[in-house]
Every structure is written in structure tokens, then in C-alpha cells.
Amino acid sequence: MPSAPPAAAAEKKPPAADRVYRHVKQAVLDRSYAGGTLLTEGGLAEAVGVSRTPVREALLKLEVEGLLKLYPKKGALVLPVSAQEIADVVETRLLVEEHAARRAVPAPAALITRLERLLAEQRELAEAGDLAAVSDKDRSFHAEIVRNAGNQILSRLYDQLRDRQLRMGVAVLEAHPGRIAASLTEHAERLEAIRSGDAEAAAACVRSHVGRVRELIRGEGR
């Protein structure tokens, strides 16, 4: 009988362009590549271990997503989050999340269980000091409530905010380390409002939480 192929051969690497795309996108979202950073094709090719052709392909895709601006023969500029983008994201979040918070009442037991688990996981990540992971889990907590509302169009709209939310979230946590504990408290308050069946209190928690984040991103809070 022919021998089985070695495990390394059986597990194919993702295409080179996909590897570059994931590398750059993750670095932009966790601010390893902060806004204003100029990335070069040669530098990225060396960092990921690929040729320049897949780097160009990945950068074009990221430009379409609004994360980068390409400059021929110079490289790609990581775009900072603009004041208008902050305003747009916050306004959209308030519209979607307030609606979802009200729709979460009365809450199914499965939703409460998922929110309790996400909150516990966020606490563990906060203790480990992983800001990018904390921001991602924070976003997952909000998204779980939105998905529970059962409106697929709103869920898809909210999912489109993910990258911008993560970038803003990491920026806030880096600048305001105390925000992690405050966010956990605010999430616990929203969970309790949903658990107790108080739709208006849950919506008020959304307004307070998102409004505070907006102030910090704009540099208006401490």
C-alpha cells in the first residue's frame, strides 16, 4: 500500500496574497501599523516571505476596504480614522444597538448564557493585558445582542462596522487603560438590564456606553 503523504504536504499554505492581506489587516486593526504609517511592497514581502506580486494584490484589496491609500512607487499609507468616520460609526452603532437592546427583552436563556460567557472571556483577556483581543471580545458582546434581534439586514450592516470598531477600540484602550474596567462594568450593567427585562434601561446603557467611547475617541474625555 502507498504510504500516506506527510502532514506538512497535506496542509497547504493559504495563497500568498491571502497571507499578506491577513498580515497587514491584522496589523492595521491592532495598530501595529498605526494611522499615518507608510508601508512598502519590499518591506511587506520580506515580512511575510513572499514576492512583491501578491503584496500588490493584497494592498489593492485593502485600499478598496478603506484601510490604505496606495501611492505608486512609494507604497501604501495606513489611513488614520477621520472625525467624520468616528461620527458615522457612532451614529450607526447607536441606531442599531439601541434597537437591538430593546428587542433583547424578554431575553431567551441562550442569549443570557452567551453574554455571560463573552463577559467572562473579556475579563480574562483584560487580566492578560491583550488589548486587541479585549477590543475584539468587546465587539463580540455587542454583536451578539444585535444578532439576537433577528434582523439579518441590520446584522450585516453591523458586521460592516467591525474593522472600524476594532481600530477605534484598540486606540481608546491604548490611550485610556482604565477604560477596560469601565467597559466591563458597563457591559455587566447592560446584561443585568436585559436579564431583568428592562428594555429602556438596556437602551440607556447603550447610549451611555457608546457616547462615552465617542468622547474618548475624540479626545474629549479622560
Side-chain angles (χ1 to χ4, degrees), residues 13-86 88-90 93 118 121-143 158-184 210 212-219 221-222:
K13 281 187 177 181
D18 288 351
R19 301 205 311 272
V20 177
Y21 171 83
R22 287 201 294 266
H23 168 81
V24 176
K25 185 167 185 175
Q26 182 58 44
V28 170
L29 295 184
D30 67 19
R31 288 172 53 84
S32 297
Y33 295 154
T37 302
L38 184 65
L39 308 174
T40 64
E41 290 182 1
L44 292 173
E46 183 177 354
V48 184
V50 298
S51 68
R52 293 194 179 200
T53 300
V55 171
R56 294 188 194 104
E57 183 180 337
L59 294 181
L60 284 169
K61 186 175 180 181
L62 290 163
E63 183 178 44
V64 170
E65 294 182 9
L67 296 177
L68 306 176
K69 173 67 176 176
L70 301 188
Y71 292 93
K73 299 182 180 179
K74 291 184 179 180
L77 182 70
V78 179
L79 294 176
V81 179
S82 69
Q84 185 60 53
E85 189 174 7
I86 293 169
D88 291 347
V89 169
V90 168
R93 284 189 63 186
L118 287 167
E121 290 172 353
Q122 192 179 0
R123 286 195 178 102
E124 291 176 1
L125 292 168
E127 290 174 2
D130 189 337
L131 298 187
V134 169
S135 182
D136 185 54
K137 197 63 66 175
D138 179 288
R139 198 263 171 199
S140 295
F141 182 93
H142 294 252
Y158 193 76
D159 285 344
Q160 291 173 11
L161 300 178
R162 178 182 180 276
D163 293 348
R164 292 174 174 83
Q165 283 181 260
L166 293 180
R167 286 186 77 190
M168 294 178 189
V170 173
V172 167
L173 296 181
E174 287 180 347
H176 306 277
R179 179 62 198 161
I180 297 176
S183 180
L184 289 168
V210 177
R212 182 59 175 154
V213 171
R214 173 177 52 194
E215 291 174 358
L216 293 173
I217 294 171
R218 289 176 170 175
R222 292 183 179 273

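Nothing fancy with the numbering, it's 1 onward along the sequence.
- In terms of the salt bridge (Lys or Arg N to Asp or Glu O under 4.0 Å) criterion, Arg123 has no residue partners (sequence neighbours excluded).
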Next item on the list: Assess whether side-chain contact (heavy atoms from CB on, under 4.5 Å) is satisfied between Gln165 and Asp138, documenting all intermediate values.
Entry: CA-CA 10 Å; Gln165 283 181 260; Asp138 179 288; 6.0 Å; no
Can I get a per-line list of side-chain donor-acceptor pairs under 3.5 Å for residues 42-63, giving both atom names and the distance, sequence neighbours left out?
unit_1 : atom_1 : unit_2 : atom_2 : d
Arg56  : NE     : Glu41  : OE1    : 3.0
Arg56  : NE     : Glu41  : OE2    : 3.4
Glu63  : OE2    : Leu70  : N      : 3.1

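- Among pairs with a residue in residues 70-84, those fulfilling side-chain hydrogen bond (donor to acceptor under 3.5 Å, both in side chains) read Gln84-Asp88, at least two apart in sequence or across chains.
- At distances below 3.5 Å, at least one donor-acceptor pair connects side-chain atoms of Thr37 with backbone N or O atoms of Ala34.
- The distance from the CZ atom of Arg93 to the NE2 atom of His142 is 5.0 Å, given to the nearest 0.5 Å.
- Arg179 contributes atom CZ, which lies 9.5 Å from atom CG of Leu184 (distance to the nearest 0.5 angstrom).
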Note to self: With side-chain contact (heavy atoms from CB on, under 4.5 Å) as the criterion, how do Val78 and Leu68 come out once you've worked through the C-alpha distance, each side chain's angles and the decisive distance to 0.1 Å?
What the structure shows: CA-CA 5 Å; Val78 179; Leu68 306 176; 3.8 Å; yes
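- Scanning both residues, Leu39 and Val24, for their nearest heavy atoms gives CD1-CG1, 4.0 Å.
- Nearest heavy atoms, Leu118 versus Phe141: CD1-CA, 3.9 Å.
- A side-chain hydrogen bond (donor to acceptor under 3.5 Å, both in side chains) with Lys137 is found for one member of Glu124, Glu121, Gln122 and no other, namely Glu121.
- For Arg164, the CZ atom counts as loosely surrounded, since its 6.0 Å shell holds 12 or fewer non-hydrogen atoms of other residues, nucleotides or ligands.
- Closest non-hydrogen pair, Leu166 versus Ser135, comes out as O-OG, 3.5 Å.
- Scanning all heavy atoms of the two residues, the minimum distance from Val170 to Leu131 falls at CG2-O, 4.4 Å.
- For the residue pair Leu79 and Arg167, the shortest heavy atom distance occurs at O-NH2, 2.6 Å.
- Distance alone, capped at 3.5 Å, places no donor-acceptor pair between the Arg214 side chain and the Ile86 backbone.
- For the atom pair CG (Leu67) and CG (Leu29), the distance works out to 6.5 Å, reported to the nearest 0.5 Å.
- Note that the NZ atom of Lys25 and the CG atom of Asp30 stand 12.5 Å from one another [nearest 0.5 Å].
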